[in-house]
Number of protein chains: 2
Amino acid sequence: MARERKFSTDELYHATKQILLQHGYERFNFGLLAEQLDISRGAIYKYFDNREELITSYMQYEMKFFLKELQAIENYQTFNEKLTFLLDAIFKNSTIPQMITIGRRIPTSGNSKVKESIVQLENLHIDMYKLLQSFIDQGRKEAKLKESIPDSLILGMIFQSIMIPNHFGIPPIEWIQSIKEVICHGILNND
Amino acid sequence: MARERKFSTDELYHATKQILLQHGYERFNFGLLAEQLDISRGAIYKYFDNREELITSYMQYEMKFFLKELQAIENYQTFNEKLTFLLDAIFKNSTIPQMITIGRRIPTSGNSKVKESIVQLENLHIDMYKLLQSFIDQGRKEAKLKESIPDSLILGMIFQSIMIPNHFGIPPIEWIQSIKEVICHGILNND
DNA sequence: AACAAAAGTAACACTTATGTCACTTTAGAG
DNA sequence: CTCTAAAGTGACATAAGTGTTACTTTTGTT
């Protein structure tokens with residue numbers, strides 16, 4: 001009953017991601033996106049009213065995907081196994097922390113549709129936090145984690161460490177292994 | 001021999017910083033800056049040809065100030081004292097890591113004046129790196145630092161940890177103390 | 001007082017992005 | 001084959017930022 005679409009939502013989200021990573025949030029615009037997808041700018045407005053709505057929708061999509069992957073943390077029993085899994089998962093999705101930082105820059109617009117979308121995105125963040133909170137709780141229960149370190153710092157360390165620029169191109173396996181070591185036991189020798 | 005200036009370069013840099021922190025690099029514009037300083041937009045062009053030139057100049061200014069403060073690291077003898085000093089210094093200037101990240105987003109423009117300014121800024125980064133390198137070298141010499149952890153990760157950890165958002169408003173003294181603990185000895189108990 | 005020179009202004013032309021709308025294209029239902 | 005509705009287009013008015021320039025204001029010097 002209708003004409004065939006020239007681009008799927010997945011393709012649109014993929015292009016959105018590329019542009020966000022290359023140009024950053026503020027320089028993202030529908031012209032760039034249309035060009036990337038080889039369609040007219042107007043076509044995008046058939047699906048999204050504006051930039052904020054598109055980007056928050058995309059972030060929800062990305063976040064849901066990541067959350068689904070994170071769920072698998074429950075397949076692991078011990079705290080140590082879970083920690084290793086978590087770091088690997090974040091590394092595999094290393095754009096996620098970047099996206100979260102970009103997400104923080106979206107202005108809480110007057111548009112109510114966008115507001116709604118931001119609320120939903122925040123809910124996904126909370127879901128993620130809950131998932132990770134139970135991981136932390138386990139670490140506390142098993143007395144693996146130092147009591148003095150706040151939960152938010154533990155999670156912050158894990159998420160933020162992924163964004164440390166690897167200027168000297170250390171091989172990823174080495175790099176992530178070192179990050180794991182620092183997060184678990186610090187940079188100092190203990191003798 | 002000339003009319004009195006309505007704004008000093010320091011005031012201009014201060015306003016620049018505020019706007020960069022509030023609105024981010026991409027939304028920084030001369031209109032906003034002029035409004036903040038209660039002058040006309042055109043006046044700024046008497047001193048800076050464009051946004052990139054102003055921002056790179058400002059970053060040089062900020063970086064020089066920070067470097068000067070960092071020099072004091074040489075007043076401390078032991079590696080541990082130096083580490084404490086370094087973390088405190090970065091915390092006191094917690095906008096510096098943010099500014100460095102913003103700096104990375106400045107497009108390597110065609111304008112040769114801007115290129116020159118970016119080169120100078122990079123040189124300041126190198127100066128900072130050298131200063132910190134000798135600190136790392138001392139840690140290695142004293143066998144304080146784990147051999148397996150790359151230099152760039154140690155510095156990256158220190159710089160990046162400052163940018164972990166303190167969502168739950170943990171008191172700064174506690175927060176920084178915890179960061180120190182994690183960087184030095186990790187999040188895990190060692191028993 | 002007349003001037004030179006720097007500081008500041010305001011208007012202009014230009015560029016880039018936005019959101020809308022009347023229009024065309026296309027594929028399936030009847 | 002024809003009609004319909006969704007998909008897509010291109011032009012338009014609007015908005016915001018850029019960089020330039022002719023102009024005015026101010027101040028110290030002669």
Side-chain angles (χ1 to χ4, degrees), chain A residues 1-16 18-20 22-58 102 105-117, chain B residues 1-16 18-20 22-58 102 105-117:
Chain A
M1 220 197 212
R3 175 178 176 175
E4 202 185 353
R5 277 186 63 169
K6 284 181 76 180
F7 61 101
S8 68
T9 309
D10 274 16
E11 283 169 335
L12 186 134
Y13 283 157
H14 183 257
T16 299
Q18 295 314 313
I19 293 170
L20 281 176
Q22 249 186 61
H23 302 266
Y25 169 68
E26 273 84 0
R27 271 193 212 157
F28 178 96
N29 66 64
F30 276 19
L32 225 50
L33 190 55
E35 196 185 6
Q36 186 91 189
L37 292 165
D38 199 33
I39 49 166
S40 76
R41 204 168 48 82
I44 306 174
Y45 284 94
K46 285 276 149 85
Y47 307 96
F48 297 94
D49 285 356
N50 54 54
R51 192 169 83 143
E52 277 69 37
E53 216 189 299
L54 165 59
I55 294 182
T56 49
S57 295
Y58 157 67
I102 289 176
R105 310 178 62 154
I106 300 171
T108 13
S109 132
N111 183 320
S112 66
K113 247 187 177 176
V114 176
K115 269 187 185 165
E116 172 58 20
S117 197
Chain B
M1 220 198 211
R3 174 177 177 177
E4 201 184 355
R5 277 185 64 169
K6 283 181 74 179
F7 61 101
S8 69
T9 308
D10 273 15
E11 282 169 336
L12 186 133
Y13 283 157
H14 184 257
T16 298
Q18 295 314 312
I19 292 171
L20 281 176
Q22 246 187 64
H23 302 266
Y25 168 67
E26 274 85 359
R27 273 194 212 158
F28 177 96
N29 67 64
F30 276 18
L32 225 48
L33 189 56
E35 196 186 3
Q36 186 91 188
L37 292 166
D38 198 33
I39 50 166
S40 75
R41 204 167 48 83
I44 306 173
Y45 284 94
K46 286 275 150 85
Y47 307 96
F48 297 94
D49 285 355
N50 53 53
R51 191 169 82 143
E52 277 68 38
E53 216 188 297
L54 164 58
I55 293 182
T56 49
S57 295
Y58 156 66
I102 290 177
R105 308 178 63 153
I106 299 171
T108 14
S109 132
N111 183 320
S112 65
K113 246 188 180 178
V114 176
K115 268 186 187 166
E116 172 58 20
S117 197

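Below, chain A is the first sequence line, B the second, and so on; all start at residue 1. None of the values given here were measured: they were computed from a predicted structure.
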is_close_aromatic(Tyr45(B), Phe30(B)), centroid dist under 6.0 Å =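 Yes.
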Would you kindly give the [atom1]-to-[atom2] distance between [X] and [N], to the nearest whole Å?
| X | N | atom1 | atom2 | result |
| --- | --- | --- | --- | --- |
| Ile19(A) | dA17(C) | CD1 | C1' | 14 Å |
| Arg5(A) | dT9(D) | CZ | C1' | 16 Å |
| Glu11(A) | dA7(D) | CD | P | 15 Å |
| Leu54(B) | dT18(D) | CG | P | 11 Å |
| Lys6(A) | dA6(D) | NZ | C1' | 15 Å |

message = With a 4.5 Å cut-off on side-chain heavy atoms, are Val114(A) and Asp49(A) touching?
response =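 Of all side-chain heavy-atom pairs linking Val114(A) with Asp49(A), none is under 4.5 Å.
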query = Considering only heavy atoms from C-beta outward, does the side chain of Ile55(A) approach that of Phe28(A) to under 4.5 Å?
reply =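 They are in contact (side-chain heavy atoms under 4.5 Å apart), so the answer is yes.
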ask   = With distance as the sole criterion, do the side chain of Arg3(A) and the base of dA27(C) form a donor-acceptor contact below 3.5 Å?
value =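 Such a pair does not exist between side chain and base.
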task = Check side-chain contact (heavy atoms from CB on, under 4.5 Å) between Asp38(B) and all other residues, then give those that pass, not counting sequence neighbours.
result =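 By the side-chain contact (heavy atoms from CB on, under 4.5 Å) rule, Asp38(B) matches no residue at all.
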ask   = So, for Arg105(B) and Gly24(A), which heavy atoms are closest and what is the spacing to 0.1 Å?
value =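 What the structure gives for the nearest pair is NH2-CA, 3.5 Å.
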ask   = Should the pair Arg27(A) and Tyr25(B) be classed as cation-pi, given the thresholds of under 6.0 Å to the six-membered ring centre and 45° from the axis?
value =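 Checked: cation-pi criterion not met.
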task = Give a yes/no verdict on a cation-pi contact between Arg5(A) and Phe7(A), requiring under 6.0 Å between NZ or CZ and the six-membered ring centre and an angle within 45° of the axis.
result =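 Yes, Arg5(A) sits over the ring of Phe7(A).
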request  = Under 4.0 Å from any atom of DNA chain C, heavy atoms only: list the residues of residues 42-51 of chain B that qualify, in numerical order.
outcome  =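 When residues 42-51 of chain B is checked for heavy atoms under 4.0 Å from DNA chain C, the hits, listed by number, are Gly42(B), Ala43(B), Lys46(B), Tyr47(B).
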task = Kindly indicate, with the supporting measurements, whether the criterion ring-ring contact (aromatic ring centres under 6.0 Å, His included) is fulfilled by Phe48(A) and Tyr58(A).
result = CA-CA 11 Å; Phe48(A) 297 94; Tyr58(A) 157 67; over 10 Å; no
request  = Choose from dC12(C), dC12(D), dT25(D) the nucleotide whose nearest atom is closest to any side-chain atom of Arg41(B).
outcome  =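 Selected nucleotide: dC12(C).
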inquiry  = If you take any heavy atom closer than 4.0 Å to DNA chain D, which residues from residues 25-38 of chain A end up in contact?
reply    =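 Those residues: none at all.
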